[in-house]
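For reference, the structure is listed below as structure tokens.
Note that these values count all heavy atoms, side chains included, but never hydrogens, waters or copies made by symmetry. Just so it is clear: chains get the letters A, B, ... in the order the sequence lines come, proteins before strands, and each one is counted from 1.
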Number of protein chains: 2
Amino acid sequence: MQDPLRRFKADIFQALAHPTRIAILELLGEGELSAGALIEKLGMEQANVSQHLAVLRAKQLVTNRKVGNQVFYSVRDPIIIEVLRLMRSFFHAHLKEAMGMLDEMQKDLAESGR
Amino acid sequence: MQDPLRRFKADIFQALAHPTRIAILELLGEGELSAGALIEKLGMEQANVSQHLAVLRAKQLVTNRKVGNQVFYSVRDPIIIEVLRLMRSFFHAHLKEAMGMLDEMQKDLAESGR
DNA sequence: CTGGAATATTCGCATGTGGTAATATACATT
DNA sequence: AATGTATATTACCACATGCGAATATTCCAG
């Protein structure tokens with residue numbers, strides 16, 4: 001009984017574990033948006049954004065309603081926004097180490113570019 | 001400047017996105033534990049637990065101190081525990097759909113077993 | 001310094017995830 | 001019906017992740 005619950009939580013975190021999906025949720029946190037509006041604000045490929053929306057839908061983190069030609073998305077439960085808010089404070093609390101991690105990431109990026 | 005921040009958050013969520021690591025953090029939430037104690041409580045392979053601990057260390061979610069032969073782990077920032085607590089309320093709020101998801105998972109499991 | 005715990009790391013493999021390009025679907029307008 | 005627009009899905013490929021088995025490291029006891 002313990003493990004399935006944790007699998008469920010892990011799946012939710014998995015859904016949150018992508019910068020684009022975080023961006024989507026943060027944008028939706030301010031209110032409902034159409035898929036097209038999201039694509040425009042993110043400045044990314046249509047198919048790509050649509051796939052990320054599919055992930056968020058599958059894990060029930062967002063709801064959508066169709067209006068004619070368009071599909072409007074919104075965050076299903078404000079708890080998710082709250083989680084993201086907490087992560088922001090976590091980030092601020094660990095700004096220094098985070099910078100270190102970012103440096104590492106940039107180094108890795110540079111190396112792989114050579 | 002926006003994207004690296006989200007990449008950082010996504011990385012943290014990624015670290016949380018595994019049932020074993022969630023179990024580890026929940027156990028550590030109640031107080032410091034040695035690697036050995038964790039392995040015993042989890043009832044999993046030593047190497048496997050050690051690898052998950054390595055992930056949590058890399059993302060700085062836990063700290064460790066060596067005492068002689070042993071290594072004691074603890075949660076680095078209570079915010080993480082708070083995030084897990086929020087996820088619990090999320091789970092309860094969506095118990096029904098969650099059950100549905102678990103059913104799906106079990107079906108998938110059963111099918112792959114045939 | 002040798003043997004034995006406790007823990008970490010490496011390797012090889014199977015599976016999962018993310019991206020783009022191409023295609024499909026659904027609705028609206030004419 | 002035919003075309004155009006908004007969105008979703010599929011196919012394919014590169015890369016990341018998780019696991020067990022084996023090996024390495026670190027520290028203590030004798």
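Closest approach of B/L25 and B/V75 over heavy atoms only: O-CG2, 4.0 Å.
Atom CD of A/E40 has 12 or fewer neighbouring heavy atoms from other residues, nucleotides or ligands inside a 6.0 Å radius.
Atom-to-atom, CG of A/L53 to P of D/dA8 comes out at 6 Å; the value is rounded to the nearest Å. Summarising the geometry, the separation between CG on A/D11 and C1' on C/dG16 is reported as 12 Å, rounded to the nearest angstrom. Computed from coordinates, the A/N64 CG to D/dA8 P distance equals 7 Å when rounded to whole Å. Here the C1' atom of nucleotide C/dA28 and the CD atom of A/Q70 are 11 Å apart, to the nearest Å. In this structure, the CD atom of B/Q51 is 12 Å from the C1' atom of C/dT7, given to the nearest Å. In this entry the distance linking CE of B/M44 with C1' of C/dT7 reads 16 Å, nearest Å. Atom pair B/Q14:CD and D/dG18:C1' shows a separation of 11 Å (rounding to whole Å applied). At whole-Å resolution of the value, CZ in A/F72 and P in D/dA8 are 12 Å apart.
Candidate nucleotides D/dA21, D/dA8, C/dA8 were compared by shortest atom distance to the side chain of B/E45, and D/dA21 ranks first.
Residue A/H52 places no side-chain N or O under 4.0 Å from the OP1 or OP2 atom of C/dT17. Listed pair B/R21 / D/dT17 fails the phosphate criterion, with no side-chain N or O lying under 4.0 Å from OP1 or OP2. Dashed line: the shortest gap from a side-chain N or O of B/Y73 to OP1 or OP2 of C/dA6 is not under 4.0 Å.
Across all strands shown, A/A35 has heavy atoms under 4.0 Å from sugar-phosphate atoms exclusively, and none from any base.
Once rounded to the nearest 0.5 Å, the distance linking OH of B/Y73 with CG of B/L27 reads 14.5 Å. The NE2 atom of A/H94 lies 6.0 Å from the CD1 atom of B/I79; values are rounded to the nearest 0.5 Å. Taking CD of A/E45 as the start and CD of A/Q51 as the end, the distance is 10.5 Å to the nearest 0.5 Å.
A donor-acceptor contact under 3.5 Å is formed by the side chain of A/Q46 with the base of D/dA8.
Using modelled atom types, one side-chain atom of B/R21 and one backbone atom of B/Q14 make a donor-acceptor pair closer than 3.5 Å.
Within the structure, ring-ring contact (aromatic ring centres under 6.0 Å, His included) contacts touching residues 38-67 of chain A (residues at least two apart or in different chains) are A/H18-A/H52.
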Protein-nucleic acid N or O pairs under 3.5 Å, nucleotides 25-27 of chain C:
residue	atom	partner	partner atom	Å
C/dA26	O3'	A/K66	NZ	3.4

